[in-house]
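Working notes, beginning with the structure itself.
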There are 2 protein chains.
Amino acid sequence: MDRMKDVAAIPRPYHHGDLRRALIDAAVSLVAEEQDWSFSLREVARRAGVSHNAPYNHFPEKRDLLAAVAAVGFETLRDGMIASMDGITEGKIVLAAAAQAYVKFATSNPALFRLMFGPELASSDGTRPDLAEQAGAEAKNVLRGIISRGAIEGAFAVEKDKASIAMAVLSTWSAIHGLAMLIVDGRSDEAGSPNVLVEGVMQHFLDGLRKR
Amino acid sequence: MDRMKDVAAIPRPYHHGDLRRALIDAAVSLVAEEQDWSFSLREVARRAGVSHNAPYNHFPEKRDLLAAVAAVGFETLRDGMIASMDGITEGKIVLAAAAQAYVKFATSNPALFRLMFGPELASSDGTRPDLAEQAGAEAKNVLRGIISRGAIEGAFAVEKDKASIAMAVLSTWSAIHGLAMLIVDGRSDEAGSPNVLVEGVMQHFLDGLRKR
DNA sequence: ACCTGAACACCGTTCAAGT
DNA sequence: ACCTGAACACCGTTCAAGT
């Protein structure tokens with residue numbers, strides 16, 4: 001993520017070495033700094049030290065640059081989830097770890113998280129750039145892997161058929177994603193650190209809000 | 001500049017009758033039409049038939065107009081939830097009905113829903129305009145009411161103390177809100193209508209993903 | 001192929017002035 | 001108190017031209 005140093009050292013030729021990369025890096029920084037992606041494309045170009053429409057050689061529209069930023073975010077999110085599961089075998093604990101990583105990512109990168117799931121990436125015709133579409137599926141796939149394995153090993157009360165697993169994945173993702181969103185949006189005014197809240201939600205989710 | 005011939009022979013007076021209301025109405029329509037709130041304040045003014053900076057007499061910034069739009073949305077959401085519960089007494093069914101209303105609102109007004117929970121309403125100093133802050137608490141309060149009553153009546157396995165109920169409310173809200181967001185964002189590619197998905201999630205949530 | 005500079009049609013916001 | 005018009009400093013995007 002920090003490959004900006006070597007670029008600055010070299011005297012800039014007419015053709016930027018890797019402008020595409022530099023633009024994405026600048027945009028990622030701007031999202032983090034301003035907690036927002038309302039910055040102008042011209043500002044991104046300024047940061048990269050190029051003219052205000054050099055970006056158009058690499059991204060047809062501002063939206064496409066944002067999609068590339070989102071893709072970086074999805075990679076980081078997926079990597080974080082996978083790393084959090086390392087060495088854990090028990091189904092529910094793997095799930096809890098992944099949930100913690102998910103919410104941790106969201107609270108650490110609130111604006112990026114919102115951008116990743118926002119509508120800004122959709123084009124006018126409703127389609128999403130491939131980059132973001134594909135990248136977005138990855139976090140879900142990690143959850144799917146956990147649920148599938150849990151179902152097969154009997155850790156969860158989920159049938160092994162595809163539809164049941166898909167529904168269980170959606171339910172699980174909803175709970176985690178909703179919590180992350182509410183925290184990021186400042187709508188969770190309960191006391192307690194994110195970790196505690198994740199624990200609480202996963203507890204309710206795994207045990208159910210049923211009467212015993 | 002184009003002082004149009006008054007169609008209905010009603011000469012528009014220098015002072016608009018209720019410009020504030022007209023601006024909010026125009027903005028609500030624009031959010032629905034464009035599925036987006038990137039429209040300009042000038043466009044809103046045009047729709048209301050006033051000069052491009054008449055709005056500043058009623059809203060210090062564009063953001064404040066959007067906050068008023070969000071507040072309208074929160075009222076509608078709350079009303080929908082309350083109406084859906086009408087006549088139902090059994091705890092879990094009340095909860096399911098409210099969840100359906102919540103997701104129904106989101107899928108019927110995707111852009112408005114996103115605006116309501118988005119960061120666009122927060123002012124630069126991080127505070128949210130009172131309008132949206134207060135309105136946003138209402139949907140949550142409806143859920144709190146359901147959970148509280150369910151806890152007292154023993155419908156849910158939730159302790160009656162304040163902290164337990166607060167946590168249960170957050171868990172429930174997370175599951176419903178997350179599902180709504182994922183559907184609205186087009187990230188739920190499971191087959192099935194929203195209603196079926198809500199049912200599935202509530203089922204998992206109430207029964208728990210535990211091994212029986 | 002990649003980048004620049006001028007140009008176009010917009011914005012949000014401010015300000016002095018009108019009613 | 002509420003509204004207007006001109007003005008300012010911006011945008012995103014297009015285009016012809018440079019390397």
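All chains are named by letter (A, B, ...) in the order of the sequence lines, taking the proteins before the strands, and each is independently numbered beginning at 1. Since the structure is predicted, the reported quantities are computational estimates derived from the model, not experimental observations.
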* Asked: On DNA chain C, nearest-nucleotide positions of A:H58 versus A:R42: which is more 5'?
  -> A:H58

Separation of [N] [atom2] from [X] [atom1] (nearest whole Å):
X	N	atom1	atom2	value
B:F39	C:dG12	CZ	C1'	14 Å
A:R20	C:dA1	CZ	P	17 Å
A:E61	D:dC11	CD	P	18 Å
B:Y56	D:dC8	OH	C1'	13 Å
A:F59	D:dT13	CZ	C1'	16 Å
A:L41	D:dT14	CG	C1'	14 Å
B:R21	D:dC2	CZ	C1'	19 Å
B:W37	C:dC11	CH2	P	19 Å

* For A:E33 against A:R47, the heavy-atom pair lying closest together -> OE1-NH2, 2.7 Å

* Structure fact -> On a heavy-atom basis, the closest approach of A:A45 and A:H52 is CB-CA, 3.9 Å

* So what does B:S40 touch, heavy atoms closer than 4.0 Å: a base, only the sugar-phosphate, or nothing? -> sugar-phosphate

* Asked: Are B:H52 and D:dC3 close enough that a side-chain N or O sits under 4.0 Å from OP1 or OP2?
  -> no

* Asked: Taking OP1 and OP2 of D:dC11, is either one under 4.0 Å from a side-chain nitrogen or oxygen of A:R46?
  -> yes

* Asked: Which of parallel (below 30°), tilted (30 to 60°) and perpendicular (above 60°) describes A:Y102 and A:F117?
  -> tilted

* Kindly assign one of parallel, tilted or perpendicular to the pair B:F105 and B:F113, based on the angle between their ring planes and the thresholds 30° and 60°. => perpendicular

* To do: Look at the side chain of B:N53 and the base of D:dT4, then say whether one donor and one acceptor between them are separated by less than 3.5 Å.
  => no

* Asked: Within the side chain of A:D185, is there an N or O that forms a donor-acceptor pair under 3.5 Å with the backbone of A:R187?
  -> no

* Contact list for residues 93-104 of chain A, test salt bridge (charged side-chain N to carboxylate O under 4.0 Å, His left out), sequence neighbours left out -> none

* Asked: When you measure from the side chain of B:K62, which nucleotide among D:dT4, C:dG12, C:dT4 comes out closest?
  -> C:dG12

* **Dot-bracket encoding of pairs in DNA chain C, which uses [ ] for pseudoknotted crossings and | for another strand, Watson-Crick or G-U under 3.5 angstrom** => ||.|||||...|||||.||

* To do: May I have the step-by-step check of side-chain contact (heavy atoms from CB on, under 4.5 Å) for A:I24 and A:L65, ending in yes or no?
  => CA-CA 7 Å; A:I24 295 174; A:L65 172 57; 4.1 Å; yes

